[in-house]
K.L.:
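One structure, pasted below without further comment.
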Amino acid sequence: MRLATWNVNSLSIRLPQVLDWLAANPVEVLVLQELKLTDDKFPAQAFTDAGYHAQWHGQKTYNGVALLSKSPATDVVKNIPGFEDDHARVIAGTVEGIRVIGGYFPNGQAPGSDKFAYKMRWLDALREWVRGELAAHPSLVLMGDYNITFDDLDVWDPVGLRETIHCTTEERTQLQALIGLGLTDSVRLFPQPEKNYSWWDYRDLAFRRNRGLRIDHILVSEALKARATACAVDKLPRKNERPSDHAPVVLTLA
DNA sequence: ATGTCAAACCTCGTTTGA
């Protein structure tokens with residue numbers, strides 16, 4: 001089975017591309033980020049017609065996440081339990097025995113900013129919640145737009161971007177703390193192209209020049225790591241007209 | 001050196017966030 005994550009940067013704008021992508025890539029699970037729509041505007045019927053069950057957690061203008069699955073999701077959770085948050089950033093559900101957590105991690109704007117402090121608090125809360133989820137669900141995947149690079153391999157200009165947002169030691173320490181729970185970066189389990197990124201700024205012809213970052217990740221528990229047979233970024237949708245700035249990442253399980 | 005996109009609204013330009 002295949003599971004995927006994609007930050008669509010407005011589902012209203014990107015719905016046709018998501019439906020086209022699902023038709024070409026009929027993954028069992030797809031989590032979406034940055035829906036940028038309220039719950040009443042979610043295109044549930046379009047996904048039903050495409051053969052997907054949907055769970056969603058949206059808000060006006062910003063953020064918003066969804067969980068699409070061929071089999072229905074159970075035990076659905078929206079946002080991090082016990083963590084007060086104005087933003088719709090997390091959706092979780094159990095699909096075919098796998099605990100699926102989709103997240104749109106805070107951007108953080110700049111080190112030292114209020115938004116950076118919020119990012120750190122949010123990551124603390126996420127980690128403690130995921131720790132419990134892992135204990136309850138050995139087969140678990142945590143995927144989405146993390147807005148954090150693991151290391152310089154994930155950065156097109158590691159010198160120029162040293163200690164800037166997405167690349168700071170503080171953020172990377174948080175990411176390693178998630179790994180420390182017993183999770184593994186699926187992409188790095190398999191050989192990858194050089195300069196393998198998942199996001200490219202809309203400006204400066206960044207995609208054409210491959211000036212990107214790998215900030216969209218699929219982390220798997222030990223039980224799922226044992227089942228993983230492939231994981232890759234699908235750059236094709238980034239070549240669409242009016243693309244999202246992010247490309248999907250797809251994990252294949254035996 | 002510069003080069004974008006999407007949404008909201010005191011709405012057809014400007015601001016905010018990414």
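Predicted, not measured: the structure shown is a model, and the values here were computed from it. A, B, ... follow the sequence lines: proteins, then strands. Residue 1 opens every chain.
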K.L.:
Would you say A:I179 and A:Q176 make side-chain contact, with heavy atoms under 4.5 Å?
P.N.:
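Sidechains of A:Q176 and A:I179: in contact.
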
K.L.:
Under 4.0 Å between any heavy atoms, over every strand shown, what does A:N107 touch: base, sugar-phosphate, or nothing? Just pick one.
P.N.:
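Touches sugar-phosphate only.
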
K.L.:
Starting at atom NE2 of A:H246, determine the distance to atom P of B:dC5, rounded to an integer number of angstrom.
P.N.:
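It is 15 Å, rounded to the nearest whole Å.
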
K.L.:
If we ignore angles and hydrogens, is there a donor and acceptor under 3.5 Å between the side chains of A:Y118 and A:D86?
P.N.:
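Judged by distance alone, the side chains do not pair up.
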
K.L.:
Would you mind listing every side chain to side chain donor-acceptor pair (under 3.5 Å) that reaches into residues 93-114 of chain A, with sequence neighbours excluded?
P.N.:
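Passing the test, one end in residues 93-114 of chain A: A:E34-A:Y104, A:S71-A:E96, A:T94-A:R99, A:R99-A:E133.
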
K.L.:
Charged N to carboxylate O below 4.0 Å: is that the case for A:D185 and A:R214?
P.N.:
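Counted as a salt bridge, because a side-chain N and a carboxylate O are separated by less than 4.0 Å.
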
K.L.:
For A:D204 and B:dC5, give me the distance from atom CG to atom P, rounded to whole Å.
P.N.:
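Distance check: A:D204 CG to B:dC5 P gives 12 Å.
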
K.L.:
When the nearest nucleotide of DNA chain B is assigned to A:Y202 and to A:P106 on a heavy-atom basis, which residue is associated with the more 5' position?
P.N.:
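The 5'-side residue here is A:Y202.
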
K.L.:
Any side-chain N or O of A:R242 below 4.0 angstrom from OP1/OP2 of B:dA6?
P.N.:
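Yes, within the criterion.
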
K.L.:
Mind calculating the distance between OH (A:Y146) and P (B:dA18) to the nearest angstrom?
P.N.:
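To the nearest whole Å, that distance equals 19 Å.
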
K.L.:
Kindly point out which of B:dC5, B:dA18, B:dG3 is positioned nearest to the side chain of A:L205?
P.N.:
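The answer is B:dG3.
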
K.L.:
Mind checking what makes side chain to side chain donor-acceptor pair (under 3.5 Å) contact with A:Q45, not counting sequence neighbours?
P.N.:
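Applying side chain to side chain donor-acceptor pair (under 3.5 Å) to A:Q45 gives A:D49.
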
K.L.:
Output the distance between atom CG (A:D216) and atom CZ (A:F105), rounded to the nearest 0.5 Å.
P.N.:
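Spacing of CG (A:D216) from CZ (A:F105) equals 10.5 Å.
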
K.L.:
Might you list the N or O atoms of the protein lying below 3.5 Å from N or O atoms in nucleotides 8-11 of chain B, with each pair's distance?
P.N.:
unit_1	atom_1	unit_2	atom_2	d
B:dC9	OP1	A:K60	NZ	3.2

K.L.:
Does B:dC12 fall in syn (glycosidic angle within 90° of 0) or anti?
P.N.:
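Syn, angle within 90° of zero.
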
K.L.:
Measuring only the C1' atom in each nucleotide, how far is B:dC10 from B:dT16? A whole number of Å is fine.
P.N.:
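After rounding to an integer number of Å, I get 16 Å for this pair.
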
K.L.:
Nearest 0.5 angstrom please: A:K36 NZ to A:K41 NZ, how far?
P.N.:
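Rounded to the nearest 0.5 Å, the NZ-NZ separation comes to 15.5 Å.
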
K.L.:
Grab the CZ-C1' distance between A:R203 and B:dA18 for me, whole Å please.
P.N.:
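It is 8 Å, rounded to the nearest whole Å.
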
K.L.:
Residues of residues 4-17 of chain A with any non-hydrogen atom less than 4.0 angstrom from an atom of DNA chain B: list those, numerically ordered, please.
P.N.:
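A:N9, A:S10, A:I13, A:R14 - these, ordered by number, are the residues of the stretch whose heavy atoms sit under 4.0 Å from the strand.
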
K.L.:
Take atom CZ of A:R211 and atom P of B:dG3, then tell me their distance rounded to the nearest Å.
P.N.:
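For the pair A:R211 CZ and B:dG3 P, the rounded distance is 14 Å.
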
K.L.:
Rounded to whole angstroms, how far apart are CG on A:L37 and C1' on B:dC5?
P.N.:
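Rounded to the whole Å, the gap is 16 Å.
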
K.L.:
In whole Å, what separates the C1' atom of B:dA1 from that of B:dA6?
P.N.:
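After rounding to an integer number of Å, I get 26 Å for this pair.
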
K.L.:
Between A:D154 and A:R188, is the closest basic N to carboxylate O distance under 4.0 Å?
P.N.:
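Salt bridge present between A:R188 and A:D154.
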
K.L.:
Less than 3.5 Å between a donor and an acceptor, one on the side chain of A:R209 and one on the base of B:dG3, is that the case here?
P.N.:
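Side chain to base: pair present.
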
K.L.:
State the CG-OG1 distance between A:L219 and A:T184, to the nearest 0.5 angstrom.
P.N.:
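Going from the CG atom of A:L219 to the OG1 atom of A:T184 covers 7.5 Å.
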
K.L.:
Please list, for nucleotides 12-14 of chain B, all pairs of protein and nucleotide N/O atoms separated by less than 3.5 Å.
P.N.:
none

K.L.:
Using a 4.0 Å heavy-atom cut-off, does A:Y104 contact any base of the nucleic acid, only the sugar-phosphate backbone, or nothing at all?
P.N.:
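Touches sugar-phosphate only.
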
K.L.:
Rounded off to whole Å, could you give me the NZ-to-C1' distance for the A:K119 and B:dG17 pair?
P.N.:
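Those two atoms, NZ and C1', are 14 Å apart.
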
K.L.:
Quick one: pull up CG in A:L30 and OG1 in A:T5 and give me the separation to the nearest 0.5 Å.
P.N.:
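It comes to 7.0 Å.
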
K.L.:
Between atom OH in A:Y62 and atom P in B:dA18, what is the gap in whole Å?
P.N.:
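After rounding, the reported distance stands at 8 Å.
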
K.L.:
What's the gap between B:dA7 and B:dG3 when it is taken at their C1' atoms, as a whole Å value?
P.N.:
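22 Å, rounded to whole Å.
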
K.L.:
Scan side-chain atoms only and decide if A:D145 and A:Q33 contain a donor-acceptor pair under the 3.5 Å cut-off.
P.N.:
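Looking only at side-chain atoms, A:Q33 and A:D145 do not form any donor-acceptor pair under 3.5 Å.
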
K.L.:
I'd like to know if A:D152 pairs up with A:R172 as an ion pair, taking the criterion as any Lys NZ or Arg NE/NH1/NH2 lying under 4.0 Å from an Asp or Glu carboxylate oxygen.
P.N.:
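Looking at A:R172 together with A:D152, the answer is yes, because their closest N to O distance falls below 4.0 Å.
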
K.L.:
Sort and list the pairs that fulfil side chain to side chain donor-acceptor pair (under 3.5 Å) and have at least one residue in residues 224-237 of chain A, not counting sequence neighbours.
P.N.:
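For residues 224-237 of chain A, and leaving out neighbouring residues, the side chain to side chain donor-acceptor pair (under 3.5 Å) pairs sorted by first residue read A:W21-A:D234.
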
